[in-house]
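One structure is given below, encoded as structure tokens.
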Amino acid sequence: MSRAEVADEWQRRGPAPTGPLARLGRWWAEEASIVERQVPFTGLYALALVALLLPAFGAANPRLVAAGAVLVGLETIAAFALPWRRWPGWTLYGPPLAQLLAVGLLRVGTGGPSSPFALIMVLPVVDLAARRGRTGVYVAAVGSAGIIAVPLLSDVRAVNSAMLVRAFFVPLVVLVVAYTVNGLTERLRARTETLATLRRMQDALLERMRADAVELARVAADRRAARDTLLSVFDAVTEQAIIAADDEGVVDVFNPGAEHLLGYARADVVGHMRLTDFHLRAELDARRAELFHDDDGVDNPRFLLDALVAPALAGRPDVRDWTYRRRDGSTITVRLAVTRRADPDPRSAGYVVVATDVTAERETARLKERFVSLVSHELRTPISSVLGYAELLRDGPDPLTPEQSGYLEVIERNARTQLRLVADLLLTAQVRAGRFTVQRARIDLGDVVRACVETAVPAAQAAGITLESSADEVVLVDGDADRLAQAVDNLVSNALKFTPQGGRVAVAVRRTRGPIGQALAELTVTDTGIGIPADEVAHLTEDFYRATTATQAAVPGFGLGLAITQAIVASHGGRLTISSRLDEGTTCTVTLPAVTGSAQG
């Protein structure tokens with residue numbers, strides 16, 4: 001029964017009965033034992049027997065009175081001694097029926113219709129009527145009728161009209177009383193069950209409330225601990241500015257790193273300033289126009305905040321450079337990561353930004369790009385001039401002596417080395433500036449590799465290194481043959497430079513399939529060289545980076561080859577991976593999208 005059903009039942013049954021009748025109903029309630037029901041009857045019956053000792057009373061038939069007393073005594077002993085709870089329910093009708101029989105014996109033995117003890121039958125009648133169902137009501141009515149009628153049958157000639165009326169109305173009254181008692185006890189029983197159900201529900205609800213209260217307290221404590229831990233972590237970070245704000249952009253966390261970076265005190269910011277207050281208005285307007293195609297100037301703080309947090313709201317990580325204005329009016333460049341702070345409680349939702357000062361880093365990158373561009377342009381012209389004049393000297397009318405020819409070869413070799421360096425610098429500058437382009441055409445990657453290997457054979461033979469190549473019959477890709485040849489040259493020349501005499505370099509091209517079945521072309525360059533430390537492999541494609549093994553072995557180079565190769569491979573939609581083991585060798589793998597078709601098989 002649900003709580004609502006219990007409440008409806010409570011309302012339907014009306015108020016609970018009170019007073020003596022209710023107490024009587026509780027006395028003969030279902031949970032009352034046989035002994036509890038027997039004691040009142042035994043007590044009244046004993047009082048009746050004592051009354052017979054008075055001069056005003058007397059027993060017309062002492063034998064019947066004695067038989068009734070013996071029956072009550074045996075019944076009382078049985079009530080105490082027998083295991084009534086273990087027996088079927090119908091056996092519980094035995095004691096009240098025996099009581100009715102004892103009352104009948106007492107009534108007949110003390111004068112029959114004139115006996116003053118007939119009313120004792122009310123107790124067994126009530127006992128029977130208080131039981132579940134109507135059976136007890138009918139048994140009580142029949143039993144009371146027997147008590148009234150049996151004495152009349154013993155002496156029919158003494159029966160008069162008053163006795164007949166009594167014999168008719170007494171059982172009828174008993175029936176009505178029994179029905180009434182039965183109804184009251186049924187209502188009381190239902191009310192008791194309802195109260196018990198409500199009490200159980202109340203206990204369950206209280207237990208659930210206690211459990212919920214404990215869980216809420218635990219969750220609240222966990223959240224407080226998590227927040228305190230998070231704030232302590234924020235406070236421990238001094239190199240990055242961590243700023244958290246609510247859903248309207250009002251700052252509620254401002255760590256020491258933010259104080260150091262922006263020059264504001266925490267007390268001046270938290271609850272008083274917005275995330276957008278640290279930004280240049282022009283940058284916010286430009287970003288808003290880029291995101292929402294709306295270049296109208298607005299002063300609504302919400303619109304300005306949207307320009308900053310829109311990608312985070314869409315679930316995309318947003319890391320980009322912004323300009324912060326410090327408290328003293330100076331500006332700095334920061335790399336800003338904006339994330340959404342989600343929470344089931346809307347009041348706790350908001351944003352977290354982590355700002356890192358990259359002013360010096362960006363300025364260094366700008367100066368490096370300017371230097372590379374300037375140096376490459378300034379060096380290219382004089383080196384080209386040196387090569388031109390060297391060619392004129394070689395082709396001049398006067399023959400050169402062997403010593404002069406040797407000098408000229410040194411000049412040409414070093415000039416071409418410098419020219420390649422200038423070309424690499426120019427290519428690096430183009431990549432950095434986003435001006436790097438490729439001219440695509442359908443080519444056989446195997447042909448490109450074979451040409452590069454053929455060119456590198458003399459250098460390999462001079463260094464005492466075995467250079468091998470293998471390729472599938474046809475491996476077609478859409479790419480720039482010159483750029484891909486440059487990438488292969490870089491990988492092969494690196495392998496030769498870092499492999500000692502007697503080593504081996506293997507170049508292979510094959511067709512393969514990706515994880516989802518896409519056609520791929522795979523180029524691998526494997527050497528048995530000096531290898532690279534594991535913690536340095538990830539840095540090999542950075543500009544001007546050289547591994548410690550290269551510097552310790554005094555291998556010449558500028559650290560641009562792999563960076564350029566990475567840019568070429570990426571521009572073709574491919575991937576460059578490098579694996580190496582120190583003193584065992586290195587494997588560079590280039591994976592490019594392949595062209596499917598009849599030529600590919």
Side-chain angles (χ1 to χ4, degrees), residues 413 416-417 420-421 423-424 427-428 445-472 475 479 481-510 512 521-570 572 574-592:
R413 184 171 62 252
R416 293 188 187 282
T417 300
R420 283 195 300 272
L421 173 61
D424 288 345
L427 183 56
T428 301
L445 185 60
D447 291 342
V448 174
V449 170
R450 281 186 286 269
C452 293
V453 170
E454 185 177 347
T455 302
V457 166
Q461 292 174 345
I465 300 170
T466 302
L467 178 60
E468 303 172 347
S469 67
S470 62
D472 287 351
V475 184
D482 292 335
R483 294 296 190 191
L484 290 175
Q486 185 179 5
V488 176
D489 283 338
N490 287 338
L491 295 177
V492 173
S493 63
N494 267 358
L496 293 174
K497 284 193 298 183
F498 291 101
T499 301
Q501 186 177 8
R504 174 178 170 272
V505 174
V507 185
V509 178
R510 68 187 185 95
T512 185
E522 185 179 85
L523 161 68
T524 58
V525 179
T526 304
D527 64 61
T528 58
I530 59 178
I532 303 160
D535 59 341
E536 298 181 14
V537 171
H539 301 284
L540 293 176
T541 56
E542 298 175 3
D543 294 344
F544 301 104
Y545 184 86
R546 304 201 70 212
T548 54
T549 49
T551 56
Q552 290 169 359
V555 177
F558 298 95
L560 290 174
L562 287 177
I564 292 172
T565 300
Q566 168 72 12
I568 294 172
V569 172
H572 285 77
R575 185 164 59 98
L576 169 64
T577 57
I578 303 171
S579 61
S580 182
R581 294 179 66 89
L582 200 60
D583 298 325
E584 294 184 14
T586 302
T587 298
C588 297
T589 304
V590 174
T591 305
L592 299 172

All side-chain contact (heavy atoms from CB on, under 4.5 Å) counterparts of E536, not counting sequence neighbours: I532, P533, Y545, A547, T548
Heavy-atom pair of closest approach, residues V475 and A521: CG1-CB, 3.4 Å
Given V525, T577, L576, T526, the one that forms side-chain contact (heavy atoms from CB on, under 4.5 Å) with T589: T577
Rounded distance [0.5 Å steps], CG in L523 versus OG1 in T591: 9.0 Å
Considering all heavy atoms, the nearest C452-A485 contact: SG-O, 3.5 Å
T565 and V488, any side-chain heavy atoms less than 4.5 Å apart: no
Heavy-atom pair with the smallest gap, counting every atom of R510 and D472: CA-OD2, 3.2 Å
For T455 against P458, the heavy-atom pair lying closest together: O-CD, 3.3 Å
Atom of G529, atom of P500 and distance for their closest heavy-atom approach: CA-CD, 3.8 Å
Minimum-distance pair of heavy atoms, taken over all atoms of Q486 and I564: NE2-CG2, 4.0 Å
S580 side-chain N/O to G585 backbone N/O, donor-acceptor pair under 3.5 Å: yes
Side-chain touch V590/L491, heavy atoms, less than 4.5 angstrom: yes
Sidechain-backbone polar pair: T499 side chain, L496 backbone, donor-acceptor under 3.5 Å: no
Approximate separation, where rounding is to 0.5 Å, of N490 CG and Q566 CD: 12.5 Å
Residue pair L592 / L484, side-chain heavy-atom distance below 4.5 Å: yes
For residues 461-469, please give each side-chain donor-acceptor pair under 3.5 Å, one per line with the distance, not counting sequence neighbours.
residue	atom	partner	partner atom	Å
E468	OE1	R504	NE	3.0
E468	OE1	R504	NH2	3.0

Side-chain heavy-atom pair L562, I578 within 4.5 angstrom cut-off: yes
